[in-house]
Every structure is written in structure tokens, then in C-alpha cells.
2 protein chains.
Amino acid sequence: MGFQRTFKALSDPIRREILQLLRISPLTAGEIATHFSVSNATISHHLSILKDAGLVLDEKQGKYITYELNMTVVDEILGWFYTLKGGDFNEKNN
Amino acid sequence: MGFQRTFKALSDPIRREILQLLRISPLTAGEIATHFSVSNATISHHLSILKDAGLVLDEKQGKYITYELNMTVVDEILGWFYTLKGGDFNEKNN
DNA sequence: ATAATATTTAGATATTTATCTAAATAAGGG
DNA sequence: CCCTTATTTAGATAAATATCTAAATATTAT
């Protein structure tokens, strides 16, 4: 609980696009990087922010690191929006 | 469409709390400000960001300015999260 | 072992952001 | 008319952020 890092993570367009990419299937850091015109180091930085926010999970597979969406946290954020819509799904969160 | 400003607006905890306050009922800028320990000028700044993002609507009433939630944009953002969940509600947005 | 590949970490920099105080704008009340 | 109240705008500043290049780490292949 405490959505600060998650909302911050979602505030960058590259990070949101990464999430949409991962919607289809898990990808390695390198595969993700090919979709953008910034350096690999920058993508790595974005991935670490997404990971920190709980929005993605990573798994080391030999030389590669594969990233995938973490739906659990996506659902928690959805819950926050529903409180806004008048439901009192989980009144405690920020 | 283009959610950049909306997601940016949601990335600040004070602004999210303002939205939750407005969930109950519309409030004036001053009433909103009493809930926080920052200056009125700062709250005014946050309100202008929320307005710019489409998340709130304002209406001048004499000496006061009343702010209220704009559910339309809240719903648009919800749509973005649903695309993540595998639906293809509105594939075009970022 | 050495080289090549995949990814992250470190350090630097320019931009953005949240905040403050002080000044400006606007509306009402005596 | 002035004075008070409500709110925003302007200008300044400190902190956060996105990005880069270069270096470090780790794994696989020759």
C-alpha cells in the first residue's frame, strides 16, 4: 500500500509504452530497448523504476533478463480509480 | 487523447488527495487548501495542473471558485488500464 | 583464457517540478 | 471609495528526473 512510486512510474510515456509492450508477452531488456530511441542504459533505468513500483517482474535467464507485467499491481491501481468513482473498494489507500 | 498531462497530474500525492476530496462533493479552492499544510498558492498551482489534465472542472461563483471532479477523464484513464488487462477498449491511446 | 553479448551501475548534466513569498486580480461589504 | 477576503500569477530556489557516455558485471561461445 502506498501508490506513490506506482503513480510516479506511470507518469513517464516511455514507461507506459513499455507496459503496453509487455501486455502481449514478456520481453528481454534488449528487445524492449529496440522499440525506443534512447540508450539501453536509459531503458534499464526505466525498467528499474517499473520494477520498484511493482508494475513489472523480472527473471534472469542466463545472459538475458526477461520482464513481464505484474497484473496484481495493475489491479490495485484500478481499485484506486474505483474509489474515485464512488465505490469504497478499499478506503485506506492513498 | 494523449494522456501525458493526466498521468503527470496523477503522479503527485497532494493532487491525488484533492481528487479523493472532490469525490464527496465540489469544494472551493480555499476549502481544499485547508486540508493541506502547504500555501494557498501551491494548492492553486496543483489545481491548475489538475484542470489542465482535464481531471477537474472549475466554476467561478462570485468571490469563490468551485472545483469538481470530471468523471469523463477518470473513465478515459480507466480505459487505458483496461487495455493493459488484455481488452482492446481503445487501442489508439498512449 | 579471451572475446563478445546483455544488462546494469556510476557520474554528469540539463530540464522539470514543488514549493515559497510577494504582488496582482477580482469580488463583496461597510 | 477603501478594506477585507478569495484566488491566481510571478519570480526564485531546491530537489527530482530523464538522459547521456563510460565503466562494471555477468554469461556464453570460441
Side-chain angles (χ1 to χ4, degrees), chain A residues 2-22 24-70 77 94, chain B residues 2-22 24-70 77 94:
Chain A
F3 287 142
Q4 181 52 23
R5 276 179 299 176
T6 310
F7 274 108
K8 265 285 195 294
L10 288 165
S11 75
D12 183 272
I14 288 187
R15 291 196 287 265
R16 289 196 303 280
E17 212 172 324
I18 290 174
L19 295 178
Q20 294 285 357
L21 285 175
L22 295 179
I24 316 294
S25 76
L27 295 173
T28 68
E31 289 169 332
I32 292 168
T34 64
H35 289 80
F36 301 94
S37 50
V38 296
S39 72
N40 280 24
T42 296
I43 294 298
S44 180
H45 176 240
H46 284 308
L47 288 170
S48 98
I49 287 170
L50 287 169
K51 207 174 80 174
D52 225 56
L55 286 162
V56 303
L57 303 169
D58 64 340
E59 188 183 357
K60 181 150 198 173
Q61 286 171 341
K63 209 157 65 152
Y64 304 89
I65 300 176
T66 297
Y67 287 87
E68 68 176 313
L69 257 182
N70 181 6
I77 289 286
N94 158 15
Chain B
F3 288 141
Q4 181 51 25
R5 274 179 301 175
T6 309
F7 274 108
K8 265 287 195 293
L10 288 165
S11 75
D12 182 89
I14 288 185
R15 291 195 288 265
R16 289 197 303 281
E17 213 171 323
I18 290 174
L19 295 178
Q20 294 285 358
L21 285 176
L22 295 180
I24 316 294
S25 76
L27 295 172
T28 67
E31 288 169 332
I32 292 168
T34 64
H35 289 81
F36 301 95
S37 50
V38 296
S39 73
N40 280 24
T42 296
I43 294 298
S44 179
H45 176 239
H46 285 308
L47 288 170
S48 101
I49 287 171
L50 288 169
K51 206 174 84 174
D52 224 58
L55 285 162
V56 302
L57 304 170
D58 65 338
E59 189 185 355
K60 181 149 197 173
Q61 286 170 340
K63 208 156 65 151
Y64 303 89
I65 300 177
T66 296
Y67 286 88
E68 69 176 313
L69 257 182
N70 183 5
I77 289 287
N94 165 351

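The analysis underlying the following values was restricted to heavy atoms, covering all of them including side chains, and did not include hydrogens, waters or symmetry mates. Convention: sequence-line order gives letters A, B, ...; per-chain numbering from 1.
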* Asked: Roughly how bent is the helix from dA1(C)-dT30(D) to dG30(C)-dC1(D) end to end, in steps of 10 degrees, with each end axis from five pairs?
  ->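 Between the axes fitted at each end of the helix from dA1(C)-dT30(D) to dG30(C)-dC1(D) lies an angle of 10°.
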Ignoring hydrogens, what is the shortest heavy-atom contact between [X] and [Y]? Give both atom names and the distance.
X	Y	value
Leu50(A)	Ala9(A)	CD2-CB, 4.3 Å
Gln4(A)	Pro13(B)	OE1-CD, 3.3 Å
Leu47(B)	Val56(B)	O-CG2, 4.2 Å
Gly54(B)	Asn70(B)	O-ND2, 3.0 Å

* Asked: Would Phe36(A) and Thr42(A) count as a side-chain contact (heavy atoms from CB on, under 4.5 Å) if you check the C-alpha gap in whole Å, the side-chain angles of each, and the deciding distance to 0.1 Å?
  -> CA-CA 10 Å; Phe36(A) 301 94; Thr42(A) 296; over 6 Å; no
* Asked: If you pin Gly62(A) and Ser11(A) to their nearest nucleotides in DNA chain D, which one's is more 5'?
  ->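 Final value for this comparison: Ser11(A).
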Distance-only donor-acceptor hits, side chain of residues 61-69 of chain A, under 3.5 Å, sequence neighbours excluded:
unit_1	atom_1	unit_2	atom_2	d
Gln61(A)	OE1	Thr66(A)	OG1	3.0

* OP1 or OP2 of dA6(C) less than 4.0 angstrom from a side-chain nitrogen or oxygen of Thr28(A), does that happen here? -> no
Quiz: residues 25-32 of chain A side-chain donor-acceptor pairs under 3.5 angstrom, not counting sequence neighbours:
unit_1	atom_1	unit_2	atom_2	d
Thr28(A)	OG1	Glu31(A)	N	3.2
Thr28(A)	OG1	Glu31(A)	OE1	3.4
Glu31(A)	OE1	Thr28(A)	N	2.8

* **Atom-to-atom span, CD1 of Ile18(B) to P of dA18(C) - whole angstrom** => 11 Å
* Whole angstrom value for the distance that separates P of dA6(C) from NZ of Lys63(A) ->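 It works out to 5 Å between those atoms.
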* Selection residues 48-57 of chain B - residue pairs positive for side chain to side chain donor-acceptor pair (under 3.5 Å), sequence neighbours left out -> Arg5(B)-Asp52(B), Lys51(B)-Asp58(B)
* To do: Could you please spell out the steps behind the side-chain contact (heavy atoms from CB on, under 4.5 Å) verdict for Ile43(B) and Ile14(B)?
  => CA-CA 9 Å; Ile43(B) 294 298; Ile14(B) 288 185; 4.1 Å; yes
* Kindly state which residues belonging to residues 32-56 of chain A come within less than 4.0 angstrom of DNA chain C, counting heavy atoms of the residue only, listed by number. =>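 Close to the strand are Asn40(A), Ala41(A), Ser44(A).
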* Student check: side-chain heavy atoms of Ile77(A) and Phe7(A) closer than 4.5 Å -> yes
* Asked: Looking at side-chain heavy atoms only, is the closest gap between Arg15(A) and Leu10(A) below 4.5 Å?
  -> no
* Of all nucleotides in DNA chain D with an atom under 4.0 Å from a non-hydrogen atom of chain A, which is the first and which the last going 5' to 3'? ->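 With heavy atoms of chain A under 4.0 Å away, the range is dT17(D) to dT28(D).
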* Start at the 5' end of DNA chain C and walk down; is the nucleotide closest to Lys8(A) or to Ile65(A) reached first? ->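 Nearer the 5' end of the strand: Ile65(A).
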